[in-house]
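The structure appears right after this line, and notes come after that.
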Amino acid sequence: RVCVPDGIPRILGNPYPFQIIQTPGQVTIVYEINHVIRPMPLDRPLPPPDELEIFPYYSGHSSAHWEGDTLVIESAGFNEKTFIDATGAPHSDQMRTVERIRKINDRTLENVVTVTDPVMFTRPWQARFVYDLHPQVRLEDYNCGDPHRDISHIPGVRRPQ
């Protein structure tokens with residue numbers, strides 16, 4: 001599974017840049033790592049369960065809406081090929097996530113994700129990710145299997161061990 005893209009919530013903890021783009025009717029998150037693109041229609045429900053079961057995605061199917069200044073993203077319909085963390089912890093196709101993304105201040109974004117998977121976990125659990133704005137950093141081309149760029153010079157990013 002070397003070239004399997006990171007799933008949710010694992011991708012939320014990777015140190016490489018991402019962009020959140022809002023256009024009329026949609027929010028899209030574009031991650032540099034593995035060219036992951038998450039399109040999310042705004043104010044539309046997720047597809048019905050039978051459709052989610054037939055067409056599972058690495059990042060699931062997502063739908064978003066605004067609650068005040070918080071972007072709420074609901075995702076379901078994940079395939080079982082991704083891991084939920086860097087240790088390789090699996091999930092089932094029944095996993096659902098709810099992300100709550102908000103600005104803490106002008107330079108800091110917070111994403112609190114709630115993971116529910118009745119097959120793998122006895123109760124929902126949460127993880128919190130905090131991101132600092134780095135306007136000097138741009139998304140770069142990345143293909144799975146190629147050496148990735150060193151971003152350890154960016155404040156807050158640890159040098160690989």
Side-chain angles (χ1 to χ4, degrees), residues 1-42 46-47 52 54-64 70-93 95-115 117 120 125-161:
R1 291 190 186 188
V2 173
C3 288
V4 171
D6 291 347
I8 299 173
R10 182 179 181 186
I11 198 165
L12 305 177
N14 90 74
Y16 294 97
F18 64 91
Q19 289 182 324
I20 300 174
I21 304 159
Q22 184 170 345
T23 56
Q26 181 168 300
V27 172
T28 303
I29 302 179
V30 179
Y31 297 89
E32 178 174 301
I33 195 161
N34 287 330
H35 290 293
V36 172
I37 299 171
R38 293 180 60 200
M40 294 162 266
L42 277 168
L46 284 171
L52 294 175
I54 295 171
F55 299 108
Y57 290 167
Y58 288 106
S59 296
H61 295 258
S62 300
S63 180
T70 301
L71 180 65
V72 179
I73 303 167
E74 298 180 51
S75 301
F78 296 91
N79 69 35
E80 296 177 76
K81 297 177 184 176
T82 63
F83 303 119
I84 59 171
D85 65 13
T87 70
H91 63 83
S92 78
D93 63 354
M95 182 174 76
R96 296 180 78 85
T97 62
V98 176
E99 297 168 73
R100 300 184 65 79
I101 301 173
R102 69 180 184 94
K103 279 182 153 183
I104 294 174
N105 58 47
D106 288 342
R107 299 193 51 82
T108 310
L109 199 65
E110 172 189 69
N111 186 344
V112 176
V113 60
T114 302
V115 177
D117 187 338
M120 301 300 279
W125 55 272
Q126 289 186 328
R128 179 177 181 256
F129 300 90
V130 177
Y131 310 103
D132 293 324
L133 178 65
H134 294 281
Q136 78 282 11
V137 177
R138 300 285 181 252
L139 295 182
E140 290 188 8
D141 198 23
Y142 172 75
N143 290 308
C144 179
D146 289 346
H148 206 290
R149 66 179 168 150
D150 179 10
I151 60 170
S152 61
H153 66 282
I154 298 170
V157 174
R158 287 181 274 147
R159 189 169 301 281
Q161 302 283 331

Results of side-chain hydrogen bond (donor to acceptor under 3.5 Å, both in side chains) for [X] - residues two or more places apart only:
{"X": "T87", "result": "D85"}
{"X": "E32", "result": "H148, R149"}
{"X": "D106", "result": "none"}
{"X": "T70", "result": "none"}

| Tell me the salt bridge (charged side-chain N to carboxylate O under 4.0 Å, His left out) pairs involving residues 3-24, sequence neighbours left out? | D6-R10
Specify the closest pair of heavy atoms between [X] and [Y], including all atoms of both residues, with the distance to one decimal.
{"X": "T23", "Y": "L42", "result": "O-CD1, 4.4 Å"}
{"X": "S59", "Y": "I8", "result": "O-CD1, 3.6 Å"}
{"X": "A76", "Y": "R96", "result": "CB-NH1, 3.3 Å"}
{"X": "T82", "Y": "P5", "result": "CG2-O, 3.4 Å"}
{"X": "L71", "Y": "A64", "result": "CD1-CB, 3.9 Å"}
{"X": "M95", "Y": "H91", "result": "SD-CB, 3.7 Å"}

Enter the distance from [X]:[atom1] to [Y]:[atom2] here, rounded to the nearest 0.5 Å.
{"X": "R128", "Y": "Q126", "atom1": "CZ", "atom2": "CD", "value": "11.0 Å"}
{"X": "I20", "Y": "Y31", "atom1": "CD1", "atom2": "OH", "value": "7.5 Å"}
{"X": "T97", "Y": "I84", "atom1": "OG1", "atom2": "CD1", "value": "11.0 Å"}
{"X": "F129", "Y": "E99", "atom1": "CZ", "atom2": "CD", "value": "9.0 Å"}
{"X": "L109", "Y": "R102", "atom1": "CG", "atom2": "CZ", "value": "9.5 Å"}
{"X": "I11", "Y": "I33", "atom1": "CD1", "atom2": "CD1", "value": "7.0 Å"}

Are any side-chain N or O atoms of [X] and backbone N or O atoms of [Y], one a donor and one an acceptor, separated by less than 3.5 Å?
{"X": "N34", "Y": "V36", "value": "no"}
{"X": "D117", "Y": "S92", "value": "yes"}
{"X": "H134", "Y": "P17", "value": "no"}

| query | Do T28 and Q26 get their side chains close enough for a donor-acceptor pair, meaning under 3.5 Å? | reply | yes
| Ring centre gap for Y131 and F18 strictly below 6.0 Å | yes
| field | Residues forming a salt bridge (charged side-chain N to carboxylate O under 4.0 Å, His left out) with R107, sequence neighbours excluded | value |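 Counting only residues at least two positions away or on another chain, R107 forms no salt bridge (charged side-chain N to carboxylate O under 4.0 Å, His left out).
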| request: Evaluate the side-chain proximity of F55 to H61: yes if any heavy-atom separation is below 4.5 Å, no if none is. | output: yes
